[in-house]
Amino acid sequence: MVHQQRSGGRLSRTGDTRDTDDMSRLLAPRLAYFAGVARTEHVTRAAQEMEVPQSTLSRAMVRLEEDLGVDLFARHGRTVSLTPAGRAFLTSVERALAEIERAADEVRADADPATGKVAFGFLHTMGAETVPGLLHAFRADHPRIRFSLVQNYGEAMLEGLRAGELDLCLTSPVPDAPDLVARRLDEQKLRLFVPADHRLAGRRRVRLAEAADETFVTLEPGYGLRRITDDLCAQAGFRPRIAFEGEEAETLRGLVAAGLGVALLPPPPFPRPGVVELTVTAPRAAREIGVAWLAGHPDTPPVAAFKKFLLSKRGTLLPT
């Protein structure tokens with residue numbers, strides 16, 4: 001199909017990304033006007049329906065054709081009809097406008113106070129019991145708010161906040177960064193987990209220095225609990241000899257049960273056969289749990305409600 005070209009097109013057709021951005025910026029404000037005129041085939045009627053001055057609409061259509069370098073309308077007095085180029089353009093414009101409307105409906109729905117959505121991240125170790133309990137309690141008063149749940153390690157969740165992928169996250173250690181806001185919510189004691197047949201298994205308490213010669217299984221570098229493990233061992237006067245690194249605490253408990261090492265971990269929600277957990281008396285073994293969000297980032301009503309709920313759990317977030 002051959003379309004009639006206008007001379008003196010405004011934009012180059014080099015395919016450069018900047019040219020594409022310029023074209024989008026020029027065309028976008030006029031697309032709804034174009035669809036309205038195309039639908040009615042009458043500038044005056046379209047102007048009345050869209051509640052804009054007819055002169056504004058007429059100028060917008062002329063500029064649109066000039067920017068494209070193509071005649072979109074054949075003019076017949078007060079009425080217009082689409083040229084072949086106009087019909088082809090309308091198909092894509094209607095598709096683009098429908099996608100914009102869908103996106104607008106989606107973000108409005110996500111921000112709805114009663115039925116909106118919260119993108120919430122949390123540590124793997126909080127997924128079995130703590131987070132389900134929190135969501136159950138929150139939805140007693142907000143039964144229709146939806147959640148997008150992400151389990152990950154701390155640094156990845158902080159990057160999710162910065163990227164706009166998460167609204168809030170529960171993490172440890174509590175971050176200290178200028179672009180984030182963080183509040184301490186609770187503290188979780190860590191235990192030394194040993195195999196059931198281990199030389200320390202008959203004890204209830206242990207100084208961490210007593211495990212200096214043991215093989216450890218730990219989370220991978222970059223995990224908050226790994227940093228805490230390394231710091232606690234340093235305080236006890238040794239550097240842990242690490243045999244296995246993993247991504248999930250329950251897997252580490254399985255490695256301990258298999259006799260492959262010992263581990264510093266939070267208490268499990270349910271007892272794990274084959275392992276014994278010992279209270280660490282020195283150094284003090286605990287990790288802080290906090291909630292974080294992006295500084296200066298406006299909250300939708302659902303996010304604000306859930307943030308307020310989490311902050312109200314300060315000191316009672318975790319089971320005693």
Side-chain angles (χ1 to χ4, degrees), residues 121-134 149-157 169-174 185-290 316-320:
F122 51 92
L123 300 168
H124 288 282
T125 51
M126 308 192 75
E129 187 175 29
T130 301
V131 168
L134 287 172
L149 301 177
V150 175
Q151 289 178 272
N152 216 325
Y153 64 98
E155 287 300 323
M157 288 193 293
C169 72
L170 288 180
T171 188
S172 177
V174 180
L185 295 180
D186 214 338
E187 180 181 88
Q188 186 175 46
K189 293 181 179 179
L190 301 179
R191 311 289 193 214
L192 182 68
F193 285 76
V194 301
D197 59 356
H198 192 270
R199 63 181 178 85
L200 297 173
R203 304 264 298 274
R204 296 181 61 186
R205 296 177 176 81
V206 65
R207 289 177 295 106
L208 189 56
E210 296 179 73
D213 295 330
E214 298 291 336
T215 297
F216 278 72
V217 296
T218 70
L219 295 177
E220 294 179 348
Y223 283 68
L225 190 54
R226 170 61 179 273
R227 293 200 302 276
I228 294 171
T229 296
D230 290 344
D231 290 344
L232 288 173
C233 290
Q235 292 176 47
F238 70 95
R239 182 175 181 177
R241 186 159 47 92
I242 296 170
F244 296 93
E245 296 175 331
E247 297 181 343
E248 204 275 321
E250 197 57 33
T251 299
L252 299 186
R253 292 190 186 94
L255 295 174
V256 172
L260 298 174
V262 302
L264 275 171
L265 295 169
F270 308 104
R272 173 70 187 251
V275 300
V276 174
E277 57 181 278
L278 309 176
T279 299
V280 178
T281 58
R284 188 171 183 274
R287 65 172 180 172
E288 291 185 333
I289 305 294
T316 62
L317 181 75
L318 302 171
T320 55

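Just so it is clear, the structure is predicted and the values come from calculations on it, not from any experiment.
- Scanning for ring pair (Phe, Tyr, Trp, His ring centres under 6.0 Å) contacts around Y223 gives Y153, with sequence neighbours left out.
- Residues Q235 and R284 have side chains not in contact (no heavy-atom distance under 4.5 Å, counting atoms from C-beta outward).
- Using a 4.5 Å heavy-atom threshold, the side chains of Q188 and M126 count as separate.
- No donor-acceptor pair under 3.5 Å is formed between the side chain of R191 and the backbone N or O of F193.
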Let's go through R199 and E214 carefully: what are the C-alpha distance in whole Å and the side-chain angles of both, what is the deciding distance for salt bridge (Lys or Arg N to Asp or Glu O under 4.0 Å) to 0.1 Å, and is it a yes or a no?
CA-CA 11 Å; R199 63 181 178 85; E214 298 291 336; 3.0 Å; yes

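- For the residue pair R241 / T215, a side-chain donor-acceptor distance below 3.5 Å is found, with atom types taken as modelled.
- Between L317 and D186 the shortest heavy-atom distance is N-OD2, 3.0 Å.
- No side-chain heavy atom of L123 sits under 4.5 Å from any side-chain heavy atom of L225.
- Contact check for L190 versus V280: no side-chain heavy atoms found under the 4.5 Å cut-off.
- R204 is linked by a salt bridge (charged side-chain N to carboxylate O under 4.0 Å, His left out) to nothing, counting only residues two or more places apart in sequence or in another chain.
- Of all non-hydrogen atoms in A236 and P283, the two that sit nearest each other are CB-CD, 4.0 Å.
- Annotation for E129 and P269: closest pair OE1-CB, 3.4 Å, computed over non-hydrogen atoms.
- Distance CD1/I242 to CD/E220: 11.0 Å, rounded to 0.5 Å.
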Using the rule given for side-chain contact (heavy atoms from CB on, under 4.5 Å), can you reason through V262 versus L200, listing the C-alpha separation, both sets of side-chain angles and the distance that settles it, and then say yes or no?
CA-CA 10 Å; V262 302; L200 297 173; over 6 Å; no

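- Note that CG of L265 and CZ of R287 are 9.0 Å apart. Values are rounded to the nearest 0.5 Å.
- Between G224 and P173 the shortest heavy-atom distance is CA-CD, 3.7 Å.
- Between E277 and K189, none of the side-chain N atoms (NZ, or NE/NH1/NH2) sits under 4.0 Å from a carboxylate O, so this pair counts as no salt bridge.
- Taking 4.5 Å as the limit, some side-chain heavy atom of F216 sits within range of a side-chain heavy atom of L192.
- A257 and P273 get closest at one heavy-atom pair: CB-O, 3.8 Å.
- Shown here for P221 and E245, the closest heavy-atom pair between the two residues is CD-OE2, 3.7 Å.
- Annotation: R203, atom CZ; neighbour count of heavy atoms from other residues, nucleotides and ligands within 6.0 Å is above 12.
- Separation of atoms OG1 (T125) and CD (Q151) is listed at 9.5 Å; rounding is to 0.5 Å.
- D230 has a carboxylate O that lies under 4.0 Å from a charged side-chain N of R226, or vice versa, which qualifies the two as a salt bridge.
- Two residues are said to be in side-chain contact when any heavy atoms from C-beta on lie closer than 4.5 Å; L170 and L134 meet this criterion.
- Here OG1 of T171 is found 7.5 Å from CD of E155. Values are rounded to the nearest 0.5 Å.
- Expressed to the nearest 0.5 Å, how far CD of E250 lies from CG of L255 amounts to 10.5 Å.
- At least one donor-acceptor pair closer than 3.5 Å links the side chain of S172 to the backbone N or O of E288.
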